[in-house]
Amino acid sequence: SKMLKPKVLHEVLKQANSNGIRASVLLNLEGALLASAGEDANVLSAIFANIWSCYEKAGNLEYLLTDCEGGRVVMTKVTETLILLLLGDKEAQPGMLKAKAKVLRDYLEQPLKELLD
């Protein structure tokens with residue numbers, strides 16, 4: 001099984017940063033950063049973890065797509081406790097954001113579960 005090292009995690013996230021994606025972030029439900037690549041996303045993480053929790057209370061949430069001042073954000077849950085956030089610029093297509101988020105989530109889900117167990 002793929003054991004994830006922090007450096008590897010960073011590299012995987014970095015690969016998503018193309019086609020208008022400016023930051024890729026892995027955070028927990030409290031908004032703490034586990035790993036990130038691209039623009040500084042510390043502030044964003046706290047805000048969006050909060051938004052995610054609000055929506056998730058309303059039902060089973062798989063993806064959350066939202067526009068923000070700096071562009072577009074897609075979020076998806078990778079494990080019970082971790083969220084993947086991609087920040088794209090204003091021109092980033094929602095379908096492309098979602099597709100990238102899915103590819104990353106599918107790739108990271110198993111190794112992260114093993115890492116956290």
Quick one: closest heavy-atom pair of Ala37 and Asn17, and the distance?
-> O-ND2, 3.1 Å
Of all heavy-atom pairs linking Trp52 and Tyr63, the shortest is CZ3-C, 4.4 Å
Show your reasoning for whether side-chain contact (heavy atoms from CB on, under 4.5 Å) applies to Leu82 and Leu108.
-> CA-CA 10 Å; Leu82 292 177; Leu108 291 170; over 6 Å; no
Can you establish whether the number of heavy atoms outside Lys14 located under 6.0 Å from its atom NZ is more than 12?
-> no
Please assess Leu87 against Ile21 for the test side-chain contact (heavy atoms from CB on, under 4.5 Å), listing each intermediate value before the final yes or no.
-> CA-CA 6 Å; Leu87 170 66; Ile21 292 180; 6.0 Å; no
Heavy-atom distance under 4.5 Å between the side chains of Ile83 and Phe48, does that happen here?
-> no
Taking only residues two or more places apart in sequence, or in another chain, which ones meet Lys102 in a side-chain hydrogen bond (donor to acceptor under 3.5 Å, both in side chains)?
-> Asp106
In Å, rounded to the nearest 0.5 Å, how long is the span from CG of Leu29 to CG of Asn50?
-> 11.0 Å
Any idea which heavy atoms bring Asn28 and Ala49 closest together, and the distance?
-> O-CB, 4.0 Å
If every non-hydrogen atom of Glu56 is compared with every non-hydrogen atom of Leu61, which pair is closest and at what distance?
-> N-CD2, 3.9 Å
Are Leu84 and Val103 linked, directly or through other ILVMFWY residues, by side chains that come within less than 4.5 angstrom of each other?
-> no
Is it true that a side-chain atom of Ser36 and a backbone atom of Val25 form a donor plus acceptor pair closer than 3.5 Å?
-> no
Considering residues, nucleotides and ligands other than Tyr55, do more than 12 of their heavy atoms fall under 6.0 Å from its OH?
-> no
Do Val12 and Ser24 come within less than 4.5 Å of each other through their side chains, counting heavy atoms only?
-> no
Expected output: side-chain Thr76 to main-chain Glu62 donor-acceptor under 3.5 Å | yes
Across all chains, not counting sequence neighbours, the side-chain hydrogen bond (donor to acceptor under 3.5 Å, both in side chains) partners of Asp67 are Arg72
Looking at side-chain heavy atoms only, is the closest gap between Leu85 and Leu27 below 4.5 Å?
-> yes
Can you see which heavy atom on Leu33 is nearest to which on Ser45, and at what distance?
-> CD1-OG, 2.7 Å
Leu97 and Val73: side-chain contact (heavy atoms from CB on, under 4.5 Å), yes or no, with the steps?
-> CA-CA 8 Å; Leu97 280 171; Val73 169; over 6 Å; no
Taking NZ, NE, NH1 and NH2 as the nitrogens, is one of them in Glu109 or Lys77 under 4.0 Å from a carboxylate oxygen of the other?
-> no
Give a yes or no on whether the backbone of Val78 and the side-chain of Lys113 come within a donor-acceptor separation of less than 3.5 Å.
-> no
For Glu39, side-chain hydrogen bond (donor to acceptor under 3.5 Å, both in side chains) partners two or more places apart = Arg22
Would you check if Leu86 and Lys100 make a side-chain contact, meaning some heavy-atom pair closer than 4.5 Å?
-> yes
Calculate, to the nearest 0.5 Å, the distance between atoms CG and CG belonging to Leu104 and Leu26 respectively.
-> 9.0 Å
